[in-house]
Amino acid sequence: MESTLAKVLLLVASPLILCRSSYAFIVSVDAHNEECFFENVEGGTKFGVTFEVIDGGFLDVDIKISGPENHVMHESEKESSGKYTFVAPAKGTYTVCFNNERSSMTPKLVMFSIDVGEAPQRAPGAPGEEEVGHTKLEDMIRELSGTLTSVKHEQEYMHVRDKIHRSVNENTNSRVVLWSTFEALVLVLMTVGQVYYLKRFFEVKRVV
């Protein structure tokens, strides 16, 4: 099951990792370990983090999202999935950490994406009425672009989940078929053995 799942994840994750603009990743967090990722965000910019534990143990992991100067924006334990959206209060480096220190030996496979919107842009000085209209239009376009990006990431997320679940179902089905075949062979062998034993038991030997 692990080899099949690894092949599926490799095929699906490769285009996501190579496509830097999508900010979508799949990472393996070993037991007693923590994996952190960093993103530079401008102040006032909307950014979001979406994740799901797709393999390993009880499918849970600790997550911590912090801003500049180690300001904790979100922290939770034993989460299987989540979606968080923030507006960056200040310019700086924001950190997303997945912690698997609670696990004794099982690594966790985490799929996550980081969505960063465009930094707000304002013309210096007092804008005129026409500039205000352009600014509002630009804001609406940026918001629409961010929404479309979120939809794209959600589709990629669902596509990966579909691939993983299909792989698990096919693997489970193969195991059920193999086990059923093995049981059938054992049943046939036991039947032949019993028939042979009963035949020998009731066989009348002639005494010459």
Side-chain angles (χ1 to χ4, degrees), residues 1-41 45-67 70-89 93-117 143-173:
M1 175 180 176
E2 292 180 357
S3 60
T4 306
L5 184 60
K7 292 179 182 178
V8 173
L9 291 176
L10 180 61
L11 292 174
V12 177
S14 298
L16 296 181
I17 295 175
L18 293 175
C19 185
R20 181 66 183 154
S21 60
S22 67
Y23 293 92
F25 305 90
I26 294 179
V27 60
S28 177
V29 186
D30 294 330
H32 304 292
N33 199 10
E34 183 180 52
E35 296 288 345
C36 293
F37 301 85
F38 307 91
E39 187 71 36
N40 292 322
V41 182
T45 303
K46 181 183 293 185
F47 75 98
V49 178
T50 304
F51 83 97
E52 181 177 4
V53 183
I54 55 180
D55 189 44
F58 293 102
L59 301 180
D60 60 348
V61 74
D62 300 343
I63 180 173
K64 181 179 179 181
I65 304 173
S66 56
N70 293 325
H71 171 64
V72 178
M73 305 179 68
H74 175 80
E75 186 174 11
S76 57
E77 300 176 351
K78 296 183 178 180
E79 294 286 346
S80 296
S81 61
K83 185 174 183 179
Y84 313 100
T85 304
F86 309 93
V87 176
T93 301
Y94 289 78
T95 308
V96 180
C97 293
F98 299 101
N99 192 310
N100 193 27
E101 293 182 353
R102 298 176 183 273
S103 177
S104 58
M105 62 178 65
T106 307
K108 305 293 176 62
L109 208 57
V110 181
M111 179 181 64
F112 72 98
S113 63
I114 301 177
D115 304 322
V116 181
E143 184 177 357
L144 179 60
S145 176
T147 304
L148 291 175
T149 302
S150 299
V151 171
K152 178 185 175 183
H153 289 169
E154 199 71 27
Q155 289 178 338
E156 293 172 346
Y157 170 74
M158 297 302 296
H159 180 66
V160 172
R161 289 193 64 183
D162 179 68
K163 289 284 187 181
I164 294 170
H165 293 166
R166 184 180 303 173
S167 173
V168 173
N169 290 337
E170 291 177 353
N171 187 270
T172 304
N173 181 65

The single option from Leu109, Asn100, Asn99 that satisfies side chain to side chain contact (heavy atoms under 4.5 Å, CB included) with Val29 is Asn100

How far apart are the closest heavy atoms of [X] and [Y], and which atoms are they?
{"X": "Ile54", "Y": "Leu59", "result": "C-CD2, 3.8 Å"}
{"X": "Ala31", "Y": "Ser103", "result": "CB-O, 3.6 Å"}
{"X": "His32", "Y": "Glu101", "result": "ND1-O, 3.4 Å"}
{"X": "Thr106", "Y": "Gly57", "result": "CG2-N, 3.2 Å"}
{"X": "Glu39", "Y": "Val116", "result": "CG-CG2, 3.7 Å"}

- Would you call Glu77-Arg102 a salt bridge at under 4.0 Å N-O?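 Judged by the 4.0 Å cut-off on N to carboxylate O distance, Glu77 and Arg102 do form a salt bridge.
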
### Message
Looking at Asp115 and Lys46, is there a salt bridge between them, counting it only when a charged N and a carboxylate O are closer than 4.0 Å?
### Response
no

Margin query: Treating Lys108 as the side-chain partner and Asp60 as the backbone partner, does any N or O pair qualify as donor plus acceptor under 3.5 Å?
Written below: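 Yes.
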
* To do: Answer yes or no: is there a donor N or O on one side and an acceptor on the other, between the side chain of Thr85 and the main chain of Gly48, under 3.5 Å?
  => no

[atom1] of [X] to [atom2] of [Y]: how many Å apart, nearest 0.5 Å?
{"X": "Lys64", "Y": "Cys36", "atom1": "NZ", "atom2": "SG", "answer": "8.5 Å"}
{"X": "Met73", "Y": "Thr95", "atom1": "CE", "atom2": "OG1", "answer": "11.0 Å"}
{"X": "Phe98", "Y": "Asp62", "atom1": "CZ", "atom2": "CG", "answer": "11.0 Å"}

- prompt: What is the ring orientation for Tyr84 with Phe51, classed by angle as parallel under 30°, tilted 30 to 60°, or perpendicular over 60°?
  reply: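 Ring orientation, 0 to 90° scale: parallel.
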
| said: Parallel, tilted or perpendicular, judged at 30° and 60°: which one describes the rings of Tyr94 and Phe47? | reply: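 Answer is tilted, since the angle falls between 30° and 60°.
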
Evaluate the side-chain proximity of Phe86 to Val41: yes if any heavy-atom separation is below 4.5 Å, no if none is.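 Val41 vs Phe86: side chains apart.
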
Quiz prompt | Within 6.0 Å of CG in Asn169, more than 12 heavy atoms from elsewhere | solution =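 Counting other residues, nucleotides and ligands, CG of Asn169 exceeds 12 neighbours.
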
Qualifying residue, where the test is side-chain hydrogen bond (donor to acceptor under 3.5 Å, both in side chains) with Asp162 and the options are His159, His165, Arg166: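 Filter result, single survivor: Arg166.
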
